[in-house]
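Atoms within a ligand are numbered from 1 in the order they appear, just like the ligands themselves. Basis for what follows: all heavy atoms, side chains included, without hydrogens, waters or symmetry-related copies.
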Amino acid sequence: MTTRHLDAGNPQHCQEAITLLRQGGVVAIPTETVYGLAADASNPQAVARIFTAKGRPPGHPLIVHIHDRTQLHHWVSHVPGQVDRLAAQFWPGALTLILPKHPSVSEVITGGLDTVAVRVPAHAVLRDMLLKLNTGLAAPSANPYRGLSPTRAEHVLAGLEGRIDAVLDDGPCALGLESTIVDLSGATPRLVRPGPISQQALEQVLQERFENDAGQTAAPGNDIIHYRPRTPAYRAEQNLIKPALDEYREKGLRVGVISVDAHEASRHGPTPHRWLQLSADKRSYARDLYHTMHELDGSNLDIILIQEPPSTADWLDVINRLEKATNRIQIEFGWQTILPE
Ligand code: TXA
Ligand code: MG
C-alpha cells in the first residue's frame with residue numbers, strides 16, 4: 001500500500017483524508033497531543049485495520065474522538081453528572097473520559113469491555129473533519145505497538161509507511177504527550193493515565209478526590225513496557241550520567257544523552273555522540289520529549305541516556321512515560337550491568 005502524505009493546510013488534501021475515512025481507510029491525523037491513527041468508529045472493519053497496521057493485539061481498547069459533548073449519547077449509555085463540569089472546563093482538550101459504553105459501540109473499539117474512552121480534541125483541522133464526517137473517529141497513537149508516540153508526520157511515516165492509507169501532516173503537535181485519562185465509570189473517579197491536564201486541576205473542578213493510585217492500576221493496553229525507542233534507553237540521575245558515559249565510551253559504544261542541563265565537555269568528561277538539551281520548563285519539555293527521542297532513535301546509537309526528570313507532581317505525565325520507555329540506572333546495580341546484549 002502506498003501511504004499518501006497529505007498537507008493539512010490544503011483543503012483538497014483534508015477532503016481526501018475525509019473521503020479515505022468514509023471509505024473505511026486508516027489515516028494518521030494530527031491532534032493537539034500526539035498524532036492518532038484514525039478510522040470511522042461506526043465501521044468495525046475499518047477499526048480492525050488500525051490493529052493490523054499497528055500490530056496492536058486485539059483487546060486493547062481505543063479512544064473515540066468526537067466533535068462535541070452533544071454527540072456523547074451515540075457512544076455512551078449513561079452520562080454521569082461529573083461529565084458536564086469536566087467538559088465545560090476541559091473540552092475541547094487533552095482529557096479522555098472512560099464511561100459506560102452504548103450497546104451499539106463495537107467491541108473492536110472497547111476490547112470487549114463495557115466501557116468506552118471518549119475525547120473531544122482541540123485541534124482545529126481535526127475538529128473541522130469531525131464536523132464534516134459527522135461520526136466519531138477511533139484513534140490510538142499512530143505508532144507501531146509499544147513504540148514511541150509520534151508528534152510529527154515524519155515520525156508516523158518512519159513507523160507506519162506502507163501500512164496506512166495516508167498521513168495528514170500539520171507539523172509538530174502543540175502538547176506532545178498523550179491526553180489525561182480519567183475513568184468515571186466507577187463510584188469514584190480514577191486517574192488511568194496522567195497527562196497534560198493534572199489530577200489536581202480535575203479534582204478542583206469536581207470538588208472530589210480521585211481514587212489515589214496515580215495511574216498505577218493496570219488497564220488493558222496500558223502496559224508496563226510502552227513508548228519504547230528501538231535503541232535501548234535508560235534514565236539516570238544527573239550524577240550518574242558522567243560515569244555511565246565514561247563506561248560506555250571505553251567500550252566503544254555510541255551514546256546519546258537527553259538532559260535539561262547543557263553539555264559541558266569539561267564537566268562531563270568524554271563527549272557523547274549526541275547531547276540533546278530539553279527545557280527545564282515542563283510544558284516545553286513534554287512538547288519536545290518524543291521528538292527528541294525519535295531523533296536519537298534514528299541516529300544509529302547503541303544507548304540513549306535520559307536524565308531523570310524532577311519528581312514533583314507537575315511532572316507526573318513525563319515521569320509516567322519515561323518509566324515505561326526506559327529502565328533506570330541505579331548505582332547499586334552498577335552501570336556496567338546495563339550494557340546492551
Ligand atoms: O492523546 C491521546 O489520548 C492520543 C490521541 C491520538 O488522542 N491517543 C492515545 O491513544 O494515546 P492510545 O490508544 O495510544 O492510548 C489510549 C489508552 C490505552 O492505554 C487504552 O488501553 C486506554 O487508553 N483505554 C481506552 N479505552 C479504555 C477503556 N474503556 N478502559 C480502560 N482503558 C482504556
Ligand atoms: Mg499509544
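- Ring-centre distance between Y145 and H60: below the 6.0 Å cut-off.
- Where the criterion is an N or O separation shorter than 3.5 Å, residue side chain and backbone included, Y35 fails it with respect to ligand 1.
- Annotation for ligand 1: atoms under 4.0 Å from non-hydrogen atoms of T33 are 1 (O), 2 (C), 4 (C), 5 (C).
- For ligand 1, one of its N or O atoms has an N or O atom of H65 under 3.5 Å away.
- Within the protein, the number of N, O or S atoms lying under 2.8 Å from the Mg ion (ligand 2) is 1.
- The closest non-hydrogen atom to atom 18 (C) of ligand 1, taken over H60, R56, H226, comes from R56.
- Checked against a 3.5 angstrom limit, the closest N/O atoms of E178 and ligand 1 fall outside it.
- Within the 4.0 Å heavy-atom shell around ligand 1 one finds R119.
- E295 meets the salt bridge (charged side-chain N to carboxylate O under 4.0 Å, His left out) test with R274; sequence neighbours excluded.
- Heavy atoms of I181 approach ligand 1 to within less than 4.0 angstrom.
- The backbone N or O of N143 sits less than 3.5 Å from a side-chain atom of K54, completing a donor-acceptor pair.
- Counting only distance, with no hydrogens or angles, the side chain of R69 and the backbone of A88 share no donor-acceptor pair below 3.5 Å.
- Taking 4.0 Å as the cut-off, K101 does not count as a neighbour of ligand 1 on heavy-atom distance.
- Short contacts between ligand 1 and S179, defined as distances under 4.0 Å to a heavy atom of the residue, involve ligand atoms 1 (O), 2 (C), 3 (O).
- Classification of E178 and R119 as a salt-bridged pair fails, no side-chain N sitting under 4.0 Å from a carboxylate O.
- Each of the atoms 28 (C), 29 (N), 30 (N) of ligand 1 lies under 4.0 Å from some heavy atom of L113.
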Residues 13-25 side chain polar contacts: donor-acceptor under 3.5 Å, at least two apart:
unit_1 : atom_1 : unit_2 : atom_2 : d
H13    : ND1    : D7     : N      : 2.8
E16    : OE1    : R4     : NH2    : 2.9
E16    : OE2    : R4     : NE     : 2.7
E16    : OE2    : R4     : NH2    : 3.0
T19    : OG1    : Q15    : O      : 2.9
R22    : NH2    : K132   : O      : 3.0

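- Note on R127 versus D68: no salt bridge recorded, every NZ/NE/NH1/NH2 to OD/OE distance being 4.0 Å or above.
- Between the side chain of Q307 and the backbone N or O of V260, at least one donor-acceptor pair lies under 3.5 Å.
- For the residue pair S179 and T33, no side-chain donor N or O sits within less than 3.5 Å of a side-chain acceptor on the partner.
- For atom 6 (C) of ligand 1, the candidate residues are P100, P61, A38, G36; the nearest heavy-atom contact is made by G36.
- Every ring-ring contact (aromatic ring centres under 6.0 Å, His included) that H294 has, sequence neighbours left out, goes to H155.
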Run the side-chain contact (heavy atoms from CB on, under 4.5 Å) test on Q199 and E203 for me, step by step, so that the C-alpha distance in whole Å, both residues' side-chain angles and the decisive distance to 0.1 Å come before the verdict. CA-CA 6 Å; Q199 178 172 340; E203 287 180 337; 3.0 Å; yes
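- In this structure, H65 contributes its side chain and V120 its backbone to no donor-acceptor pair below 3.5 Å.
- For atom 29 (N) of ligand 1, the candidate residues are T115, I50, V105; the nearest heavy-atom contact is made by T115.
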